[in-house]
Novice: 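This structure is in structure tokens; I'll ask about it shortly.
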Amino acid sequence: TTLLYTIKFEPMSDEEDVADATPPDNTPTHNGHCSDDDSSEGRRTAAHELLDNNTRQSSCLSGESCEVDEEETGSCESGEFDAPQDGSFDTDVYEAQDLSRPETPASAKSLFKRSGQLITLILVLLGAIIFSYNPPIKPVTFRLPGAPKLTGPLTENTRLRSTQQILKSRIVGPESIAIAEDGTLYTGLANGKIVAVRGKVITEIGQTGSSSCTDEESCGRPLGLRIHNESLYVVNAYRGILRIPLSGEGQQLLVVNMKDEAIRLNNIQTRFLNDLDISKAGVIYFTDSSSRHTREYNIYEFLEGGAHGTLFSYDLVTLQIKVLISGLHFPNGVQLAPDESYVLVTETTRARIVRYWLKGEKAGSWDYFAINLPGYPDNIRERESGGYWLGIAAIRRHPFSLLDSLAPHPQIRAALTKVIPHVFLRLMASQYGMILVLDEFGNILDSLQDPGGQVILSSSEVAEHKGTLYIGSYHANFIGKLSLKVEY
């Protein structure tokens, strides 16, 4: 608003004033002239006279003689102003449409001038910030296929709004949920603690960092969880994979150390371990989402869109670690097939799922299990009735998707990371909860949704146990609980 006013009160040229002074067609005009000069050069309208010299009143209107610089305002030496031929001259009407611009008070001019200078200074400083240092990301150019329409099994619904929010405000950031046979829930929290939940009782059973930690890296961040041979395996995004005996006997052990040189195969530096699954034979399949950014700055990896991720395997018996697929785009959730013939890996920033074959003729190769998903996939887990539950971190519509829209524009994504703190960039995600049901071939069978995110804003994982879904989210302050009897 200040800028508009600054422009409005800047001095205008004579030509601009005259153009503005043209009266409406339905308004009487008075082509006045001095009686001594009937030529066209001598004719001047009162409106022209007033606008050409708006700091003084022309005496031609009263018929008195006047003398001014001819080059500026014309010539009227002695004579009377010619009224209209009908002899009428409505001074009230004429004064009402006086087109002379009122004098702006000096204080107002000074205020507007200072405001304009301030805005200019802010813009200059903003430009200096944008161009003075390198952005924290090196975005790549890519394009995603058009997001699927919300029709068929994706038809908009509110079924997720039936979810109960259990343990509300007692926990923060339950990213992943592992469920024991007796119904005990295990989850990791934003403060680095690993807890067991039995009813309303929360018991701490482990921690990924020191008790006196001050930031996320020193506290650690527990993400993916699995139960194998009476032990809970936990991915610490910053250090590796922990094993915690569920019997209560023995200490937690770091079984995979991401700082170890052995994990840096093919010159791969791990910075953001994410999810895991474990075969019956004791082989851990796990993802590193980025070799460039840590979990705390995961939004940078999201906006960068690069191929910085890896799928690893680690044999608990031979202690051998292997790179199965490198160059993945934000690899996230991991899930073995029921017969362990393949392992699935979600690629968050490409809205698809990769399948790596472990058995058969295709063993050692990979293909796509599902592509062009309606949202950015997070963890994937097995359904008790067959197929898979897929958590959606954010959908790609409603009303628009930041990554889809800016995928072809890496410069804009880079500029955003310069001027907007990473904690606020996360808030630009769509406010829409969604969970997908996939069959064993990767087809979408059904979806549970919460438009506007009234109950479930985002889902990082869906764990099923005896007809009940438990929904985790890395930023929620509760665990979602939804009975499938209500839905099916």
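Just the heavy atoms: all of them, side chains too, but no hydrogens, waters or symmetry mates, feed the values below.
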Novice: So does L373 get a backbone contact from the side chain of R396, meaning a donor-acceptor N/O pair under 3.5 Å?
Specialist: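 Yes, the answer is positive, given that a donor and an acceptor are paired below the 3.5 Å cut-off.
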Novice: Can you tell me how far the CG atom of L403 sits from the CZ atom of R413, to the nearest 0.5 Å?
Specialist: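 One finds 6.5 Å between CG of L403 and CZ of R413.
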Novice: Using the side-chain contact (heavy atoms from CB on, under 4.5 Å) rule, take Y233 and I278 through it: C-alpha gap first, then chi angles, then the decisive distance, then the call.
Specialist: CA-CA 9 Å; Y233 287 79; I278 307 173; 3.6 Å; yes
Novice: Think R355 forms a cation-pi with Y342, using NZ or CZ under 6.0 Å from the six-ring centre and within 45 degrees of its axis?
Specialist: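 Yes, a cation-pi geometry.
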Novice: So, do F286 and V334 sit near enough that their side-chain heavy atoms are less than 4.5 Å apart?
Specialist: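 No, too far: nothing below the 4.5 Å cut-off.
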Novice: If you define the side chain from C-beta out and look only at heavy atoms, does anything of L242 sit under 4.5 Å from Q207?
Specialist: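 Contact flag for L242/Q207 side chains = no.
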Novice: Between N157 (side chain) and L448 (backbone), is there a donor-acceptor pair under 3.5 Å?
Specialist: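 Checking the backbone N and O of L448 against the side chain of N157, no donor-acceptor pair under 3.5 Å is found.
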Novice: Which residues pass the ring pair (Phe, Tyr, Trp, His ring centres under 6.0 Å) test with F330, sequence neighbours left out?
Specialist: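 Only F272 meet the ring pair (Phe, Tyr, Trp, His ring centres under 6.0 Å) criterion with F330.
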Novice: Sequence neighbours excluded, which residues qualify as ring pair (Phe, Tyr, Trp, His ring centres under 6.0 Å) partners of Y368?
Specialist: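 So Y368 forms a ring pair (Phe, Tyr, Trp, His ring centres under 6.0 Å) with W366.
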Novice: Using the rule given for side-chain contact (heavy atoms from CB on, under 4.5 Å), can you reason through L482 versus L160, listing the C-alpha separation, both sets of side-chain angles and the distance that settles it, and then say yes or no?
Specialist: CA-CA 8 Å; L482 178 63; L160 271 182; 4.3 Å; yes
Novice: Is there side-chain contact between D288 and N274, with at least one heavy-atom pair below 4.5 Å?
Specialist: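 No, side chains not in contact.
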Novice: When you look at CG of L253, are more than 12 heavy atoms from neighbouring residues, nucleotides or ligands closer to it than 6.0 Å?
Specialist: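 Enclosed: over 12 neighbouring heavy atoms sit under 6.0 Å from CG of L253.
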Novice: Closest heavy-atom contact between L154 and S447?
Specialist: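 Heavy atoms of L154 and S447 come nearest at CA-OG, 3.6 Å.
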Novice: NE2 of H228 to CG of L246: how many Å apart, nearest 0.5 Å?
Specialist: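 These two atoms lie 12.0 Å from each other.
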Novice: Give a yes or no on whether the backbone of I456 and the side-chain of D450 come within a donor-acceptor separation of less than 3.5 Å.
Specialist: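 Side chain of D450 to backbone of I456: a pair is present.
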Novice: Is there a side-chain contact between N379 and T346, using heavy atoms and a 4.5 Å cut-off?
Specialist: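 The answer is no, as the side chains (C-beta and beyond) never meet within the 4.5 Å cut-off.
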Novice: Of all the heavy-atom pairs spanning G220 and N236, show the shortest one and how long it is.
Specialist: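 G220 and N236 have their closest heavy atoms at CA-OD1, 3.5 Å.
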Novice: Could you measure the distance from the CZ atom of F478 to the CD1 atom of I471? Nearest 0.5 Å is fine.
Specialist: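 Output value for this atom pair is 8.0 Å.
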Novice: I'd like to check I241 versus L276 (side-chain heavy atoms, cut-off strictly below 4.5 Å). Are they in contact?
Specialist: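 A side-chain contact exists here, since the closest heavy-atom pair is under 4.5 Å.
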Novice: Between I205 and Y186, which heavy-atom pair has the shortest distance, and what is it?
Specialist: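 Distance-wise, the nearest heavy atoms are CD1-CD2, 3.6 Å.
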Novice: Under the ring pair (Phe, Tyr, Trp, His ring centres under 6.0 Å) rule, collect the residues that match up with Y297, sequence neighbours excluded.
Specialist: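 By the ring pair (Phe, Tyr, Trp, His ring centres under 6.0 Å) rule, Y297 matches Y300, H422.
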Novice: If I take atom CZ from residue R350 and atom CG from residue L144, how far apart are they, to the nearest 0.5 angstrom?
Specialist: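 The distance works out to 6.5 Å.
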Novice: With no hydrogens and no angle check, is any side-chain donor or acceptor of Q335 less than 3.5 Å from a backbone partner on G333?
Specialist: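 No; judged by distance alone, with no hydrogens or angles, the pair does not exist.
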Novice: List the atom of V234, the atom of P222, and the distance in Å for their closest heavy-atom pair.
Specialist: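 Heavy-atom minimum between the residues: CG1-CB, 3.7 Å.
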Novice: For R161, look at atom CZ and say whether over 12 heavy atoms of other residues, nucleotides or ligands are found less than 6.0 Å away.
Specialist: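 Yes, because the 6.0 Å sphere around CZ of R161 holds more than 12 heavy atoms from other groups.
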Novice: Within a radius of less than 6.0 Å around CD of E204, do more than 12 heavy atoms belonging to other residues, nucleotides or ligands occur?
Specialist: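 More than 12 heavy atoms, drawn from other residues, nucleotides or ligands, come within 6.0 Å of this atom.
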Novice: Just so I know, are the side chains of E175 and D378 near enough to count as touching, which here means a heavy-atom distance under 4.5 Å?
Specialist: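 Yes; the side chains approach each other to less than 4.5 Å.
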Novice: Between S365 (side chain only) and K362 (backbone N and O only), is there a donor and an acceptor less than 3.5 Å apart?
Specialist: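 Yes, because the side chain of S365 sits within donor-acceptor range (under 3.5 Å) of the backbone of K362.
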Novice: Should L484 and E464 count as side-chain neighbours, where that means a heavy-atom distance under 4.5 Å?
Specialist: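 Heavy-atom side-chain distance check passes, below 4.5 Å.
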Novice: What pairs meet the salt bridge (Lys or Arg N to Asp or Glu O under 4.0 Å) rule with one or both residues in residues 214-228, with sequence neighbours excluded?
Specialist: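 For residues 214-228: E216-R295, R226-D277.
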Novice: Under the rule for ring pair (Phe, Tyr, Trp, His ring centres under 6.0 Å), what residues qualify as partners of F302, not counting sequence neighbours?
Specialist: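 Here the qualifying residues are Y376.
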Novice: Under 3.5 Å, is there a donor-acceptor pair between the D182 and T184 side chains?
Specialist: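 Yes, because at least one side-chain N or O of D182 sits under 3.5 Å from a partner of the opposite role on T184.
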Novice: For E347, does its backbone N or O pair with a side-chain atom of R352 as donor and acceptor, under 3.5 Å?
Specialist: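 Pair absent, no side-chain N/O of R352 close to backbone of E347.
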Novice: If only atom types and distance count, is the side chain of S458 paired as donor or acceptor with the main-chain N or O of A393 below 3.5 Å?
Specialist: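 Here the side-chain-to-backbone pair exists.
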Novice: Heavy-atom count around K168 NZ within 6.0 Å, excluding the residue itself: above 12?
Specialist: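 More than 12 within 6.0 Å, yes.
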Novice: Regarding Q449 and Y432, do their side chains bring together a donor and an acceptor under 3.5 Å, going by distance alone?
Specialist: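 Y432 and Q449 do have a side-chain donor-acceptor pair below 3.5 Å.
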Novice: Of all heavy-atom pairs between D339 and S341, which one has the smallest distance, and what is that distance?
Specialist: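 Between these two residues, the closest heavy atoms are OD1-OG, 2.8 Å.
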Novice: List the steps and the verdict of side-chain contact (heavy atoms from CB on, under 4.5 Å) for L336 and L358.
Specialist: CA-CA 10 Å; L336 283 161; L358 300 171; 3.6 Å; yes
Novice: Using every non-hydrogen atom in the two residues, find where A463 and I179 come nearest and quote the distance to one decimal.
Specialist: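 Closest approach of A463 to I179, heavy atoms only: CB-CD1, 3.8 Å.
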Novice: Is there a donor-acceptor pair under 3.5 Å between the side chain of S430 and the backbone N or O of I395?
Specialist: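 Side chain of S430 to backbone of I395, a donor-acceptor pair under 3.5 Å: yes, one is there.
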Novice: If only atom types and distance count, is the side chain of T151 paired as donor or acceptor with the main-chain N or O of T155 below 3.5 Å?
Specialist: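 Pair absent, no side-chain N/O of T151 close to backbone of T155.
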Novice: Is any side-chain heavy atom of P451 less than 4.5 Å from a side-chain heavy atom of T158?
Specialist: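 The answer is yes; the side chains approach within 4.5 Å.
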Novice: For the atom pair NZ (K481) and CD1 (I177), what is the distance rounded to the nearest 0.5 Å?
Specialist: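 Result: 12.0 Å between the selected atoms.
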Novice: Does the ring of W389 carry R381 above it, NZ/CZ under 6.0 angstrom from centre and within 45° of its axis?
Specialist: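 That pair does not qualify as a cation-pi contact.
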Novice: Per the side-chain hydrogen bond (donor to acceptor under 3.5 Å, both in side chains) rule, which among E301, E304, Q269 passes with R292?
Specialist: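 Result: among E301, E304, Q269, E304 is the only option passing the side-chain hydrogen bond (donor to acceptor under 3.5 Å, both in side chains) with R292.
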Novice: Please lay out, stage by stage, how N332 and T348 fare under the test side-chain hydrogen bond (donor to acceptor under 3.5 Å, both in side chains).
Specialist: CA-CA 7 Å; N332 201 329; T348 300; 3.1 Å; yes
Novice: Between E340 and K359 (salt bridge meaning N to carboxylate O under 4.0 Å), is one present in this structure?
Specialist: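 No, no charged N to carboxylate O under 4.0 Å.
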Novice: Just jot down the side chain to side chain donor-acceptor pair (under 3.5 Å) partners of S176, sequence neighbours excluded, or say none.
Specialist: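 Counting only residues at least two positions away or on another chain, S176 forms a side chain to side chain donor-acceptor pair (under 3.5 Å) with E461.
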Novice: I'd like to know whether T287 forms a side-chain contact (heavy atoms from CB on, under 4.5 Å) with F312, so could you lay out the CA-CA distance, the side-chain angles of the two residues, the decisive distance to 0.1 Å, and finally the verdict.
Specialist: CA-CA 6 Å; T287 49; F312 291 98; over 6 Å; no
Novice: Could you tell me whether a side-chain N or O of S401 sits under 3.5 Å from a main-chain N or O of R397, the two making a donor and an acceptor?
Specialist: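 Flag not set: sc S401 to bb R397 has no pair under 3.5 Å.
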Novice: Working to the nearest 0.5 Å, report the span between OH of Y388 and CG of D439.
Specialist: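 One finds 9.5 Å between OH of Y388 and CG of D439.
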